[in-house]
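Inspection log for the structure reproduced underneath, given as C-alpha coordinates.
Residue numbers start at 1 and run along the sequence shown. Note that these values count all heavy atoms, side chains included, but never hydrogens, waters or copies made by symmetry.
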Amino acid sequence: MSEHDFVALTARAAEWIAAYRARLPGLPVLPVLQPGDVAAHIPAVPPEKGESADNVLADLDRLIVPGLTHWNHPGFLAYFSSSTTDAGIVAELLAAELNQNAMLWRTSPAGTELEERMIEWIRHFVGLPDGFEGVIQDTASTSSFVALIAARERAVPDVRRRGLAGREDLGPAAMYMSEQAHSSLEKAAIAAGLGLDHVHRIPVDQLLRMKPSALAAAIETDRRSDRTPVMVCATIGTTSSNAVDPVHEIAAICRDLDVWLHVDAAYAGPAAALPEKRAEFEGWDDADSIVLNPHKWMATPIDCSVLLYRDRDAVRRSLALTPEYLRSEEGGTDLMDVGLALGRRFRSLKLWFLFRSMGTGGLRDMLRWHIELADRAAAWLDADPRFDVVAPHPFSLVCFRARSPDGANPNDWNRRLMHAVNARGPVFLSHTAIGGRFTLRLAVGSARVTADAVGTACRLLGEEHDRLAGAG
(Lines give C-alpha, C1' and ligand atoms only; values in the text may rest on other atoms or scores of the structure.)
Protein backbone atom coordinates (compact mmCIF):
# COMPACT_ATOMS: atom_id res chain seq x y z
CA MET A 1 0.00 0.00 0.00
CA SER A 2 1.40 3.40 -0.94
CA GLU A 3 1.47 6.25 1.54
CA HIS A 4 -1.23 7.96 -0.51
CA ASP A 5 -3.43 4.86 -0.35
CA PHE A 6 -2.78 4.50 3.38
CA VAL A 7 -3.88 8.08 4.06
CA ALA A 8 -6.96 7.53 1.91
CA LEU A 9 -7.80 4.31 3.75
CA THR A 10 -7.46 5.86 7.21
CA ALA A 11 -9.64 8.75 6.05
CA ARG A 12 -12.24 6.23 4.90
CA ALA A 13 -11.99 4.45 8.24
CA ALA A 14 -12.60 7.76 10.02
CA GLU A 15 -15.61 8.38 7.79
CA TRP A 16 -16.87 4.87 8.60
CA ILE A 17 -16.53 5.61 12.33
CA ALA A 18 -18.45 8.87 11.94
CA ALA A 19 -21.23 7.10 10.01
CA TYR A 20 -21.36 4.31 12.61
CA ARG A 21 -21.70 6.87 15.40
CA ALA A 22 -24.51 8.61 13.57
CA ARG A 23 -26.56 5.42 13.23
CA LEU A 24 -25.58 3.90 16.58
CA PRO A 25 -28.47 5.30 18.67
CA GLY A 26 -30.92 3.66 16.27
CA LEU A 27 -29.31 0.22 16.50
CA PRO A 28 -30.38 -2.35 19.11
CA VAL A 29 -27.75 -2.57 21.82
CA LEU A 30 -27.86 -6.39 21.76
CA PRO A 31 -27.79 -8.44 18.56
CA VAL A 32 -30.57 -10.94 17.93
CA LEU A 33 -28.40 -13.98 17.24
CA GLN A 34 -27.65 -17.51 18.33
CA PRO A 35 -24.13 -18.85 19.00
CA GLY A 36 -22.48 -19.73 15.70
CA ASP A 37 -24.52 -17.32 13.55
CA VAL A 38 -21.56 -15.01 12.85
CA ALA A 39 -19.02 -17.77 12.29
CA ALA A 40 -21.36 -19.46 9.80
CA HIS A 41 -20.80 -16.57 7.38
CA ILE A 42 -17.02 -16.42 7.71
CA PRO A 43 -14.91 -18.86 5.67
CA ALA A 44 -13.19 -21.60 7.64
CA VAL A 45 -9.83 -20.90 5.96
CA PRO A 46 -8.12 -17.58 5.14
CA PRO A 47 -8.04 -16.25 1.57
CA GLU A 48 -5.08 -17.17 -0.63
CA LYS A 49 -4.93 -13.68 -2.14
CA GLY A 50 -5.42 -10.34 -0.46
CA GLU A 51 -8.67 -8.47 -0.95
CA SER A 52 -9.44 -4.81 -1.39
CA ALA A 53 -10.19 -2.54 1.54
CA ASP A 54 -13.60 -1.95 -0.05
CA ASN A 55 -14.45 -5.63 0.35
CA VAL A 56 -13.25 -5.75 3.95
CA LEU A 57 -15.17 -2.62 4.97
CA ALA A 58 -18.28 -3.90 3.22
CA ASP A 59 -18.08 -7.14 5.17
CA LEU A 60 -17.50 -5.20 8.37
CA ASP A 61 -20.96 -3.71 7.83
CA ARG A 62 -22.53 -6.89 6.47
CA LEU A 63 -21.11 -9.54 8.82
CA ILE A 64 -19.59 -7.99 11.91
CA VAL A 65 -21.68 -4.98 12.96
CA PRO A 66 -24.96 -6.99 13.06
CA GLY A 67 -23.24 -9.36 15.50
CA LEU A 68 -21.90 -6.74 17.88
CA THR A 69 -23.03 -5.79 21.34
CA HIS A 70 -22.64 -2.03 21.06
CA TRP A 71 -20.67 -0.99 24.12
CA ASN A 72 -20.56 2.63 22.91
CA HIS A 73 -24.34 2.82 22.56
CA PRO A 74 -25.95 5.58 24.69
CA GLY A 75 -28.29 2.92 26.09
CA PHE A 76 -25.55 0.54 27.22
CA LEU A 77 -26.35 0.49 30.94
CA ALA A 78 -25.13 -3.04 31.74
CA TYR A 79 -22.10 -4.38 33.62
CA PHE A 80 -19.65 -1.46 33.98
CA SER A 81 -19.44 0.34 30.69
CA SER A 82 -16.23 0.51 28.70
CA SER A 83 -16.52 3.40 26.26
CA THR A 84 -14.35 5.47 23.97
CA THR A 85 -13.64 9.10 23.28
CA ASP A 86 -12.13 10.75 20.24
CA ALA A 87 -8.85 11.11 22.09
CA GLY A 88 -8.74 7.43 22.96
CA ILE A 89 -9.47 6.33 19.40
CA VAL A 90 -6.73 8.54 17.97
CA ALA A 91 -4.30 7.34 20.65
CA GLU A 92 -5.05 3.71 19.75
CA LEU A 93 -4.35 4.44 16.07
CA LEU A 94 -1.06 6.13 16.88
CA ALA A 95 -0.07 3.41 19.35
CA ALA A 96 -0.62 0.81 16.64
CA GLU A 97 1.72 2.65 14.27
CA LEU A 98 4.37 3.34 16.92
CA ASN A 99 4.11 -0.31 18.03
CA GLN A 100 6.08 0.13 21.24
CA ASN A 101 6.95 -2.71 23.57
CA ALA A 102 8.06 -1.11 26.83
CA MET A 103 9.34 -4.28 28.47
CA LEU A 104 12.79 -2.79 29.05
CA TRP A 105 13.65 0.87 29.35
CA ARG A 106 15.84 0.61 26.28
CA THR A 107 13.12 -1.06 24.17
CA SER A 108 11.02 2.10 24.64
CA PRO A 109 12.45 4.91 26.76
CA ALA A 110 9.48 7.17 25.98
CA GLY A 111 6.95 4.37 26.47
CA THR A 112 8.47 3.49 29.84
CA GLU A 113 8.75 7.03 31.17
CA LEU A 114 5.36 8.12 29.85
CA GLU A 115 3.80 5.16 31.68
CA GLU A 116 5.56 6.13 34.90
CA ARG A 117 4.37 9.71 34.50
CA MET A 118 0.79 8.63 33.75
CA ILE A 119 0.82 6.60 36.97
CA GLU A 120 1.76 9.82 38.76
CA TRP A 121 -1.04 11.71 36.99
CA ILE A 122 -3.58 9.05 37.98
CA ARG A 123 -2.31 9.08 41.56
CA HIS A 124 -2.56 12.86 41.68
CA PHE A 125 -6.03 12.82 40.09
CA VAL A 126 -7.50 10.51 42.73
CA GLY A 127 -5.63 12.15 45.63
CA LEU A 128 -3.27 9.36 46.71
CA PRO A 129 0.02 10.22 48.45
CA ASP A 130 3.49 10.11 46.93
CA GLY A 131 4.32 6.69 48.35
CA PHE A 132 2.47 4.87 45.58
CA GLU A 133 4.14 3.68 42.39
CA GLY A 134 2.50 1.55 39.76
CA VAL A 135 2.20 -0.10 36.39
CA ILE A 136 -0.45 -0.34 33.67
CA GLN A 137 -1.88 -3.83 33.16
CA ASP A 138 -4.58 -5.05 30.80
CA THR A 139 -7.48 -5.65 33.22
CA ALA A 140 -8.23 -5.67 36.95
CA SER A 141 -8.01 -9.46 36.94
CA THR A 142 -4.33 -9.23 36.04
CA SER A 143 -3.70 -6.30 38.38
CA SER A 144 -5.19 -8.11 41.36
CA PHE A 145 -3.30 -11.28 40.48
CA VAL A 146 0.01 -9.37 40.44
CA ALA A 147 -0.90 -7.85 43.81
CA LEU A 148 -1.63 -11.32 45.22
CA ILE A 149 1.71 -12.65 43.95
CA ALA A 150 3.49 -9.74 45.64
CA ALA A 151 1.55 -10.34 48.86
CA ARG A 152 2.45 -14.04 48.70
CA GLU A 153 6.11 -13.08 48.25
CA ARG A 154 6.00 -11.07 51.46
CA ALA A 155 4.00 -13.60 53.49
CA VAL A 156 5.51 -16.95 52.49
CA PRO A 157 9.23 -17.58 53.08
CA ASP A 158 11.20 -18.45 49.94
CA VAL A 159 8.02 -18.94 47.88
CA ARG A 160 9.67 -17.75 44.69
CA ARG A 161 12.08 -20.70 44.74
CA ARG A 162 10.19 -23.38 46.63
CA GLY A 163 6.58 -22.62 45.74
CA LEU A 164 3.68 -23.71 47.96
CA ALA A 165 3.23 -27.40 47.24
CA GLY A 166 4.52 -30.15 49.53
CA ARG A 167 6.10 -27.91 52.13
CA GLU A 168 6.20 -29.35 55.64
CA ASP A 169 7.18 -25.95 57.05
CA LEU A 170 4.10 -24.21 55.70
CA GLY A 171 0.37 -24.51 56.30
CA PRO A 172 -2.17 -23.48 53.65
CA ALA A 173 -1.93 -19.89 52.42
CA ALA A 174 -5.19 -17.94 52.70
CA MET A 175 -6.88 -14.89 51.23
CA TYR A 176 -9.83 -12.88 52.58
CA MET A 177 -12.53 -10.84 50.86
CA SER A 178 -16.18 -10.01 51.36
CA GLU A 179 -19.13 -12.02 50.08
CA GLN A 180 -19.61 -9.22 47.56
CA ALA A 181 -16.05 -9.19 46.17
CA HIS A 182 -15.34 -9.85 42.51
CA SER A 183 -14.81 -13.40 41.28
CA SER A 184 -11.49 -12.39 39.67
CA LEU A 185 -9.95 -12.56 43.15
CA GLU A 186 -10.92 -16.23 43.38
CA LYS A 187 -9.42 -16.85 39.94
CA ALA A 188 -6.23 -15.17 41.17
CA ALA A 189 -6.17 -17.52 44.17
CA ILE A 190 -6.50 -20.50 41.83
CA ALA A 191 -3.65 -19.28 39.62
CA ALA A 192 -1.43 -18.39 42.58
CA GLY A 193 -1.75 -21.86 44.08
CA LEU A 194 -3.80 -20.92 47.15
CA GLY A 195 -6.87 -22.89 46.07
CA LEU A 196 -10.51 -21.99 46.49
CA ASP A 197 -10.73 -23.85 49.81
CA HIS A 198 -8.48 -21.19 51.30
CA VAL A 199 -10.36 -18.15 50.05
CA HIS A 200 -12.47 -16.81 52.91
CA ARG A 201 -15.65 -14.98 51.93
CA ILE A 202 -16.20 -12.69 54.92
CA PRO A 203 -19.84 -11.93 55.87
CA VAL A 204 -21.30 -8.50 55.16
CA ASP A 205 -23.57 -6.17 57.11
CA GLN A 206 -26.98 -4.81 56.09
CA LEU A 207 -25.25 -2.34 53.74
CA LEU A 208 -23.37 -5.23 52.09
CA ARG A 209 -20.01 -4.13 53.55
CA MET A 210 -17.41 -6.52 54.87
CA LYS A 211 -17.64 -6.96 58.65
CA PRO A 212 -14.25 -6.02 60.16
CA SER A 213 -14.81 -8.10 63.28
CA ALA A 214 -15.46 -11.20 61.18
CA LEU A 215 -12.34 -10.50 59.14
CA ALA A 216 -10.14 -10.21 62.23
CA ALA A 217 -11.61 -13.41 63.67
CA ALA A 218 -10.95 -15.31 60.43
CA ILE A 219 -7.32 -14.19 60.26
CA GLU A 220 -6.66 -14.97 63.91
CA THR A 221 -8.31 -18.40 63.60
CA ASP A 222 -6.12 -19.20 60.59
CA ARG A 223 -2.98 -18.16 62.40
CA ARG A 224 -3.85 -20.42 65.35
CA SER A 225 -4.37 -23.25 62.84
CA ASP A 226 -0.93 -22.72 61.28
CA ARG A 227 -2.37 -21.24 58.11
CA THR A 228 -0.62 -18.29 56.47
CA PRO A 229 -2.74 -15.19 55.82
CA VAL A 230 -1.50 -13.72 52.55
CA MET A 231 -3.84 -10.95 51.46
CA VAL A 232 -7.05 -9.13 52.35
CA CYS A 233 -9.02 -7.57 49.52
CA ALA A 234 -11.36 -4.72 50.43
CA THR A 235 -13.64 -3.33 47.74
CA ILE A 236 -14.77 0.22 47.09
CA GLY A 237 -17.74 -0.10 44.75
CA THR A 238 -18.47 -3.81 44.42
CA THR A 239 -19.60 -5.07 41.03
CA SER A 240 -22.84 -6.57 42.28
CA SER A 241 -24.07 -3.82 44.55
CA ASN A 242 -21.73 -0.79 44.69
CA ALA A 243 -20.98 -1.62 48.34
CA VAL A 244 -18.09 0.19 49.99
CA ASP A 245 -16.16 -1.84 52.52
CA PRO A 246 -15.01 0.03 55.69
CA VAL A 247 -11.45 0.30 54.42
CA HIS A 248 -10.24 2.44 57.30
CA GLU A 249 -11.13 -0.27 59.85
CA ILE A 250 -9.91 -3.07 57.58
CA ALA A 251 -6.58 -1.28 57.08
CA ALA A 252 -6.10 -1.07 60.85
CA ILE A 253 -6.68 -4.82 61.17
CA CYS A 254 -4.25 -5.57 58.35
CA ARG A 255 -1.64 -3.31 59.93
CA ASP A 256 -2.04 -4.88 63.38
CA LEU A 257 -2.00 -8.45 62.03
CA ASP A 258 0.64 -7.77 59.36
CA VAL A 259 -1.37 -8.81 56.30
CA TRP A 260 -1.17 -7.22 52.85
CA LEU A 261 -4.21 -5.06 52.06
CA HIS A 262 -5.32 -4.82 48.44
CA VAL A 263 -8.15 -2.43 47.52
CA ASP A 264 -10.28 -3.24 44.50
CA ALA A 265 -11.52 0.12 43.23
CA ALA A 266 -11.50 -1.00 39.60
CA TYR A 267 -14.83 0.65 38.89
CA ALA A 268 -15.27 3.36 41.51
CA GLY A 269 -11.65 4.51 41.90
CA PRO A 270 -11.92 7.57 39.62
CA ALA A 271 -14.68 8.98 41.87
CA ALA A 272 -12.01 9.65 44.50
CA ALA A 273 -11.22 12.71 42.35
CA LEU A 274 -14.52 14.24 43.53
CA PRO A 275 -14.23 16.04 46.89
CA GLU A 276 -17.83 15.16 47.71
CA LYS A 277 -17.02 11.43 47.38
CA ARG A 278 -13.75 11.34 49.30
CA ALA A 279 -15.42 9.95 52.41
CA GLU A 280 -16.13 6.72 50.51
CA PHE A 281 -12.37 6.24 50.13
CA GLU A 282 -11.32 6.79 53.73
CA GLY A 283 -8.39 4.54 54.54
CA TRP A 284 -7.49 3.47 51.02
CA ASP A 285 -4.25 5.42 51.20
CA ASP A 286 -3.15 2.91 53.86
CA ALA A 287 -3.43 0.02 51.40
CA ASP A 288 -0.45 -1.92 50.10
CA SER A 289 -1.95 -2.02 46.61
CA ILE A 290 -4.92 -0.55 44.74
CA VAL A 291 -6.42 -1.28 41.35
CA LEU A 292 -8.53 1.14 39.32
CA ASN A 293 -9.53 0.79 35.67
CA PRO A 294 -9.56 3.86 33.42
CA HIS A 295 -11.30 1.66 30.84
CA LYS A 296 -14.32 1.41 33.14
CA TRP A 297 -15.17 4.91 34.33
CA MET A 298 -12.64 7.20 32.67
CA ALA A 299 -13.68 6.85 29.02
CA THR A 300 -10.48 5.07 28.04
CA PRO A 301 -10.74 2.34 25.36
CA ILE A 302 -10.30 -1.15 26.74
CA ASP A 303 -7.83 -2.33 27.92
CA CYS A 304 -6.21 -0.14 30.58
CA SER A 305 -5.95 -1.13 34.25
CA VAL A 306 -3.75 0.74 36.73
CA LEU A 307 -2.15 -1.17 39.59
CA LEU A 308 -0.73 1.04 42.33
CA TYR A 309 1.51 -0.30 45.08
CA ARG A 310 3.70 0.88 47.94
CA ASP A 311 6.33 -1.86 48.06
CA ARG A 312 7.90 -2.00 44.62
CA ASP A 313 10.57 -4.39 45.89
CA ALA A 314 7.94 -6.97 46.87
CA VAL A 315 6.29 -6.73 43.45
CA ARG A 316 9.61 -6.94 41.67
CA ARG A 317 10.92 -9.84 43.77
CA SER A 318 7.83 -11.85 43.02
CA LEU A 319 8.04 -11.63 39.24
CA ALA A 320 11.39 -10.29 38.00
CA LEU A 321 13.28 -12.82 35.89
CA THR A 322 15.79 -11.60 33.33
CA PRO A 323 17.35 -13.97 30.79
CA GLU A 324 20.71 -13.03 29.35
CA TYR A 325 19.25 -11.84 26.05
CA LEU A 326 17.22 -9.19 27.90
CA ARG A 327 19.97 -7.91 30.17
CA SER A 328 20.78 -4.24 29.77
CA GLU A 329 23.15 -1.81 31.41
CA GLU A 330 20.90 1.25 31.48
CA GLY A 331 19.55 2.44 34.82
CA GLY A 332 15.96 3.04 33.78
CA THR A 333 12.90 1.08 34.92
CA ASP A 334 12.24 -2.26 33.26
CA LEU A 335 8.47 -2.60 33.46
CA MET A 336 8.58 -6.31 32.60
CA ASP A 337 9.82 -6.82 36.18
CA VAL A 338 6.51 -5.74 37.76
CA GLY A 339 4.06 -7.80 35.72
CA LEU A 340 3.61 -11.16 34.05
CA ALA A 341 3.85 -9.98 30.46
CA LEU A 342 6.99 -9.23 28.53
CA GLY A 343 5.10 -7.84 25.57
CA ARG A 344 3.31 -4.66 26.65
CA ARG A 345 0.99 -2.46 24.61
CA PHE A 346 1.51 1.31 24.59
CA ARG A 347 -1.48 1.90 26.89
CA SER A 348 -0.06 5.01 28.54
CA LEU A 349 -0.54 6.93 25.29
CA LYS A 350 -4.31 6.63 25.76
CA LEU A 351 -4.11 8.18 29.23
CA TRP A 352 -1.84 10.96 28.00
CA PHE A 353 -4.31 11.87 25.24
CA LEU A 354 -7.26 11.56 27.63
CA PHE A 355 -5.88 13.87 30.30
CA ARG A 356 -4.67 16.42 27.78
CA SER A 357 -7.92 16.49 25.82
CA MET A 358 -10.40 16.49 28.73
CA GLY A 359 -8.33 17.80 31.62
CA THR A 360 -9.03 16.78 35.19
CA GLY A 361 -11.89 19.28 35.30
CA GLY A 362 -13.58 17.68 32.30
CA LEU A 363 -13.17 14.23 33.80
CA ARG A 364 -14.73 15.37 37.08
CA ASP A 365 -17.64 16.90 35.17
CA MET A 366 -18.23 13.58 33.40
CA LEU A 367 -18.18 11.61 36.66
CA ARG A 368 -20.64 14.02 38.28
CA TRP A 369 -22.96 13.79 35.28
CA HIS A 370 -22.99 10.01 35.48
CA ILE A 371 -23.74 10.09 39.21
CA GLU A 372 -26.55 12.59 38.61
CA LEU A 373 -28.12 10.37 35.96
CA ALA A 374 -27.94 7.35 38.26
CA ASP A 375 -29.51 9.38 41.06
CA ARG A 376 -32.34 10.39 38.73
CA ALA A 377 -33.00 6.75 37.85
CA ALA A 378 -32.93 5.76 41.52
CA ALA A 379 -35.35 8.55 42.40
CA TRP A 380 -37.76 7.40 39.68
CA LEU A 381 -37.56 3.78 40.83
CA ASP A 382 -37.98 4.81 44.48
CA ALA A 383 -41.08 6.83 43.69
CA ASP A 384 -42.70 4.08 41.62
CA PRO A 385 -44.64 1.49 43.67
CA ARG A 386 -43.76 -1.18 41.09
CA PHE A 387 -40.04 -1.11 41.98
CA ASP A 388 -37.67 -1.17 44.95
CA VAL A 389 -34.08 0.10 45.08
CA VAL A 390 -32.33 -2.62 47.07
CA ALA A 391 -28.84 -1.24 47.75
CA PRO A 392 -27.17 2.09 48.41
CA HIS A 393 -25.96 3.86 45.26
CA PRO A 394 -23.00 6.07 46.25
CA PHE A 395 -21.65 6.13 42.68
CA SER A 396 -23.41 5.50 39.36
CA LEU A 397 -24.84 1.99 39.73
CA VAL A 398 -28.45 1.42 40.80
CA CYS A 399 -29.56 -2.05 41.94
CA PHE A 400 -33.31 -2.65 42.00
CA ARG A 401 -36.08 -5.22 41.80
CA ALA A 402 -39.57 -5.15 40.42
CA ARG A 403 -42.44 -6.13 42.68
CA SER A 404 -43.97 -9.26 41.21
CA PRO A 405 -47.70 -9.94 40.94
CA ASP A 406 -49.30 -12.20 43.51
CA GLY A 407 -48.47 -15.80 42.86
CA ALA A 408 -45.49 -15.12 40.59
CA ASN A 409 -41.98 -16.29 41.49
CA PRO A 410 -40.14 -13.01 42.27
CA ASN A 411 -36.83 -14.14 40.78
CA ASP A 412 -38.41 -15.48 37.59
CA TRP A 413 -40.51 -12.33 37.29
CA ASN A 414 -37.49 -10.04 37.47
CA ARG A 415 -35.59 -12.20 35.01
CA ARG A 416 -38.47 -12.03 32.56
CA LEU A 417 -38.69 -8.28 32.99
CA MET A 418 -34.99 -7.77 32.26
CA HIS A 419 -35.14 -9.92 29.12
CA ALA A 420 -38.26 -8.10 27.95
CA VAL A 421 -36.67 -4.67 28.38
CA ASN A 422 -33.46 -5.75 26.65
CA ALA A 423 -35.43 -7.25 23.77
CA ARG A 424 -36.93 -3.84 23.01
CA GLY A 425 -33.50 -2.74 21.74
CA PRO A 426 -32.77 0.83 22.90
CA VAL A 427 -31.17 -0.14 26.23
CA PHE A 428 -29.26 -3.02 27.80
CA LEU A 429 -29.50 -3.83 31.53
CA SER A 430 -27.70 -6.62 33.36
CA HIS A 431 -28.31 -8.46 36.63
CA THR A 432 -26.72 -9.82 39.77
CA ALA A 433 -27.81 -11.69 42.89
CA ILE A 434 -28.12 -9.90 46.22
CA GLY A 435 -29.10 -12.02 49.17
CA GLY A 436 -29.92 -14.84 46.76
CA ARG A 437 -32.45 -12.69 44.91
CA PHE A 438 -32.31 -11.92 41.19
CA THR A 439 -31.55 -8.20 41.03
CA LEU A 440 -31.42 -5.80 38.10
CA ARG A 441 -28.53 -3.39 37.58
CA LEU A 442 -28.58 -0.03 35.80
CA ALA A 443 -24.99 1.19 35.46
CA VAL A 444 -24.22 4.65 34.11
CA GLY A 445 -20.62 5.10 33.00
CA SER A 446 -20.29 5.57 29.26
CA ALA A 447 -18.84 8.74 27.82
CA ARG A 448 -21.74 8.58 25.34
CA VAL A 449 -24.62 8.05 27.76
CA THR A 450 -27.51 10.51 27.57
CA ALA A 451 -30.31 11.57 29.86
CA ASP A 452 -32.72 10.33 27.19
CA ALA A 453 -31.19 6.84 27.32
CA VAL A 454 -31.61 6.61 31.09
CA GLY A 455 -35.14 7.98 30.81
CA THR A 456 -35.90 5.40 28.12
CA ALA A 457 -34.70 2.61 30.41
CA CYS A 458 -37.07 3.76 33.15
CA ARG A 459 -39.95 4.09 30.70
CA LEU A 460 -39.41 0.62 29.23
CA LEU A 461 -39.20 -0.90 32.70
CA GLY A 462 -42.63 0.49 33.49
CA GLU A 463 -44.12 -0.50 30.14
CA GLU A 464 -42.80 -4.05 30.21
CA HIS A 465 -43.78 -4.47 33.86
CA ASP A 466 -47.38 -3.61 33.02
CA ARG A 467 -47.38 -5.74 29.86
CA LEU A 468 -46.07 -8.81 31.69
CA ALA A 469 -48.45 -8.27 34.59
CA GLY A 470 -51.36 -8.05 32.15
CA ALA A 471 -50.22 -11.15 30.31
CA GLY A 472 -50.18 -13.11 33.54
Side-chain angles (χ1 to χ4, degrees), residues 85 87-88 91 95 102 105 109-138 140 143-144 146-147 150 234-237 244 247-248 251 261-301 303-312 315 332-333 335 338-339 344 346-371 394-396 445 447:
T85 59
W105 178 87
T112 299
E113 295 184 17
L114 183 64
E115 182 161 336
E116 291 180 305
R117 187 65 80 205
M118 290 306 98
I119 293 295
E120 292 178 9
W121 283 17
I122 287 282
R123 180 186 57 74
H124 181 271
F125 179 58
V126 299
L128 285 166
D130 292 345
F132 283 94
E133 301 177 63
V135 64
I136 301 176
Q137 308 281 2
D138 51 4
S143 291
S144 293
V146 170
T235 307
I236 299 177
V244 177
V247 178
H248 180 69
L261 173 59
H262 177 62
V263 172
D264 179 356
Y267 152 66
L274 305 177
E276 64 269 26
K277 294 296 179 181
R278 287 294 296 179
E280 307 290 351
F281 296 84
E282 183 182 4
W284 82 325
D285 49 352
D286 291 324
D288 294 284
S289 57
I290 298 171
V291 59
L292 61 89
N293 283 1
H295 71 228
K296 279 196 170 78
W297 203 10
M298 280 181 64
T300 302
D303 52 26
C304 186
S305 177
V306 171
L307 173 64
L308 301 162
Y309 44 78
R310 289 183 173 278
D311 187 350
R312 185 178 188 275
V315 180
T333 300
L335 292 172
V338 287
R344 311 182 72 259
F346 198 3
R347 299 181 181 96
S348 60
L349 199 66
K350 293 186 285 192
L351 292 178
W352 192 50
F353 268 66
L354 174 78
F355 275 116
R356 296 192 66 183
S357 64
M358 293 188 67
T360 55
L363 287 167
R364 290 189 184 95
D365 289 344
M366 181 188 73
L367 296 171
R368 289 189 173 107
W369 173 236
H370 292 165
I371 292 169
F395 304 114
S396 64

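Of the residues Leu274, Leu367, Ile236, the one that meets the side-chain contact (heavy atoms from CB on, under 4.5 Å) test with Phe395 is Ile236.
Partners of Glu120 by side chain to side chain donor-acceptor pair (under 3.5 Å), not counting sequence neighbours, listed by chain and number: Arg117. A search for side chain to side chain donor-acceptor pair (under 3.5 Å) contacts involving Glu133 returns nothing, not counting sequence neighbours. Remark: Tyr309 engages no residue in a ring-ring contact (aromatic ring centres under 6.0 Å, His included) (not counting sequence neighbours). With sequence neighbours excluded, no residue forms a ring-ring contact (aromatic ring centres under 6.0 Å, His included) with Phe353. Take Glu115 and apply the side chain to side chain donor-acceptor pair (under 3.5 Å) test, not counting sequence neighbours, and it matches Arg344. Take Ser143 and apply the side chain to side chain donor-acceptor pair (under 3.5 Å) test, not counting sequence neighbours, and it matches Ser305. Glu113 pairs by the side-chain contact (heavy atoms from CB on, under 4.5 Å) definition with Trp105, Glu116, not counting sequence neighbours. By the salt bridge (Lys or Arg N to Asp or Glu O under 4.0 Å) test, Arg364 is found to be paired with no residue, residues two or more places apart in sequence or in another chain being considered. For Ile119, the side-chain contact (heavy atoms from CB on, under 4.5 Å) partners are Ile136, Val306, Leu308, not counting sequence neighbours. Taking the salt bridge (Lys or Arg N to Asp or Glu O under 4.0 Å) definition, one finds that Asp311 meets it with Arg154, sequence neighbours left out.
Taking CG of Leu349 as the start and CE of Met118 as the end, the distance is 9.5 Å to the nearest 0.5 Å.
Pairing each heavy atom of Pro129 with each of Arg310, the nearest pair is CG-NH2, 4.1 Å. Taking each heavy atom of Ala102 and Leu335 in turn, the nearest pair found is O-CB, 3.6 Å. For the pair Lys296 and Ala266, the tightest heavy-atom approach, listed with the atom from each and the gap, is CD-O, 3.8 Å. For Ala234 against Val247, the heavy-atom pair with the smallest separation is CB-CG2, 4.1 Å.
With His295 contributing its side chain and Cys304 its backbone, the two residues share a donor-acceptor pair below 3.5 Å.
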### Message
Before you tell me yes or no, could you show the steps for Trp284 and Val126 under side-chain contact (heavy atoms from CB on, under 4.5 Å), namely the whole-Å CA-CA distance, both residues' side-chain angles and the distance that decides it to 0.1 Å?
### Response
CA-CA 11 Å; Trp284 82 325; Val126 299; 3.9 Å; yes
Evaluate the criterion side-chain contact (heavy atoms from CB on, under 4.5 Å) for residue pair Thr360 and Trp121; output intermediate values, then yes/no. CA-CA 10 Å; Thr360 55; Trp121 283 17; over 6 Å; no
Item checked: Worked verdict on Leu307 versus Val338 for side-chain contact (heavy atoms from CB on, under 4.5 Å) -> CA-CA 10 Å; Leu307 173 64; Val338 287; over 6 Å; no
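Counting only residues at least two apart or on different chains, the salt bridge (charged side-chain N to carboxylate O under 4.0 Å, His left out) pairs with a member in residues 267-280 are Glu276-Arg368.
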